[in-house]
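Within every chain, numbering begins at 1; the chains are lettered A, B, ... in the order of the sequence lines, protein sequences first and strands thereafter. For the numbers below, each heavy atom of this structure counts, side chains included, while hydrogens, waters and symmetry mates do not.
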Protein chains: 2
Amino acid sequence: MAPESQAQLSRRERQIMDVIYRLGKATAQEVRGNLPDPPSYSAVRALLRVLEEKGHVRHRQEGPRYLYLPTVARDKARRSALKQLLRTFFDGSAEAAVAALLDMSVDELSDEELERLAELIERTRQEGR
Amino acid sequence: MAPESQAQLSRRERQIMDVIYRLGKATAQEVRGNLPDPPSYSAVRALLRVLEEKGHVRHRQEGPRYLYLPTVARDKARRSALKQLLRTFFDGSAEAAVAALLDMSVDELSDEELERLAELIERTRQEGR
DNA sequence: AGCACGCTGCTAAAATATTAGCAGCACAGG
DNA sequence: CCTGTGCTGCTAATATTTTAGCAGCGTGCT
């Protein structure tokens, strides 16, 4: 079963998915440790089972415990998250979003990063023809 | 009461907030009309009332009905949404996020937009010194 | 006036999500 | 061997979300 509309997640489920995407993979304990306002261990396991039923994660036996992985590859998930964000906050405009990103991370972006971005844009312009 | 951690929203509440941010402002009917899998009108109003209690929206009397507005300005909300997205999907790297944005909207970005972005980056690099 | 309409507030039921706690199983150490 | 530890699966209670439905209020129309 595929993780269809993906927006059906409850609050906790979403938090858990965020952790899993952030870490790439995680055990129940790790998930719990990365959860805001951590619930009981038991609760986390229950939620992970539900998420697995719903098809958002799968697990591998890793030694004595389960290792949970997202079923949807990170970059697919990224993509739809970005799309959603664009629609909600930027009227669908990628340009506006990029501008906001640059603006909010001026101090964090190194000169090399900016350099690379400039190149990237240049390349994108070429393709656009 | 301020919309503190902001991540406390339930599924429906989040959907509603998305609509309100997208539209900027909306009546209960409009919210309902923009909701996926629209619930009853009554349900929407109940949720709006809750969101107002929690401090996420406020309302104005607009003629005979209520017009709901977000309490947190769109660009503040944007910012935290972006931050969250960056953390979850891009290891906090704005560069990676911009790259993904460009990549996923190559065909939609006009040459002028790309032009503007190039300039924007150039300007950012100046400031960075 | 009397009525229909579209809105609001509210409350209580139904559906879901969230949690705790018990039982079993495997493994490592005394 | 026992025993403690750390996992798992499960079930049942609790809390929260989500819903429908009723009552009231104002406006405009006949």
Do the charged groups of A/Glu62 and A/Lys25 touch, with an N to O distance under 4.0 Å?
no
State, yes or no, whether a side-chain contact exists between B/Leu9 and A/Arg11 at a heavy-atom distance under 4.5 Å.
no
Please check the phosphate of C/dA20 (OP1 and OP2 only) for any side-chain N or O of A/Ser42 closer than 4.0 Å.
no
Taking the nucleotide of DNA chain C with the closest heavy atom to each, which residue, B/Arg65 or A/Asp37, is nearer the 5' end?
B/Arg65
Distance in angstrom units between A/His59 NE2 and D/dT8 P, rounded:
9 Å
Roughly how many Å is it from CG in A/Leu67 to P in D/dC7, rounded to a whole number?
13 Å
Value for OG (A/Ser42) from CG (A/Leu47), rounded to nearest 0.5 Å, stands at 10.5 Å
Between D/dG6 (P) and A/Gln61 (CD): distance, integer Å:
17 Å
It should be established whether A/Arg11 places a side-chain nitrogen or oxygen under 4.0 Å from OP1 or OP2 of nucleotide C/dT18.
yes
Among A/Leu35, A/Asn34, A/Ile20, find the one that has a side-chain contact (heavy atoms from CB on, under 4.5 Å) with A/Gln15.
A/Leu35
A/Glu113 (side chain) donor-acceptor with A/Ser110 (main chain) under 3.5 angstrom
yes
Does a nitrogen or oxygen in the side chain of A/Ser10 sit under 4.0 Å from OP1 or OP2 of C/dT18?
yes
Can you tell me if A/Arg49 touches the phosphate of D/dG9, counting only side-chain N or O atoms and a distance under 4.0 Å to OP1 or OP2?
yes
Can you tell me how far apart OH (A/Tyr68) and NE2 (A/His56) are? Round to the nearest 0.5 Å.
15.0 Å
Side chains of A/Arg123 and A/Gln126 only: does a donor on one sit below 3.5 Å from an acceptor on the other?
no
In whole angstrom, what separates A/Glu53's CD from C/dA17's P?
11 Å
Judged by nearest nucleotide, the residue sitting upstream toward the 5' end of DNA chain D, B/Leu47 or A/Tyr68, is A/Tyr68
Output the rounded distance in Å from CG (A/Leu48) to C1' (D/dC7).
13 Å
May I ask you to verify if any side-chain N or O of B/Arg12 is less than 4.0 angstrom from the OP1 or OP2 atom of D/dT19?
yes
A/Arg14 CZ - C/dT16 C1' separation (whole Å)
17 Å
Check the phosphate of D/dG9 against A/Tyr66, side-chain N and O only, distance under 4.0 Å to OP1 or OP2. Yes or no?
yes
Starting at atom CZ of A/Arg60, determine the distance to atom P of D/dC7, rounded to an integer number of angstrom.
17 Å
Among C/dT8, D/dA20, D/dT8, the nucleotide that comes nearest once only the side chain of B/Arg45 is considered:
C/dT8
N/O (side chain, A/Tyr41) to phosphate O (OP1/OP2, D/dT8) under 4.0 Å:
yes
Close approaches to DNA chain C from residues 22-36 of chain B, in residue order (heavy atom, under 4.0 Å):
B/Gln29
Can you label the angle between the A/Tyr66 ring and the A/His59 ring as parallel, tilted or perpendicular, going by 30° and 60°?
parallel
Which whole-number value in Å describes the distance from A/Leu51 CG to D/dG9 P?
14 Å
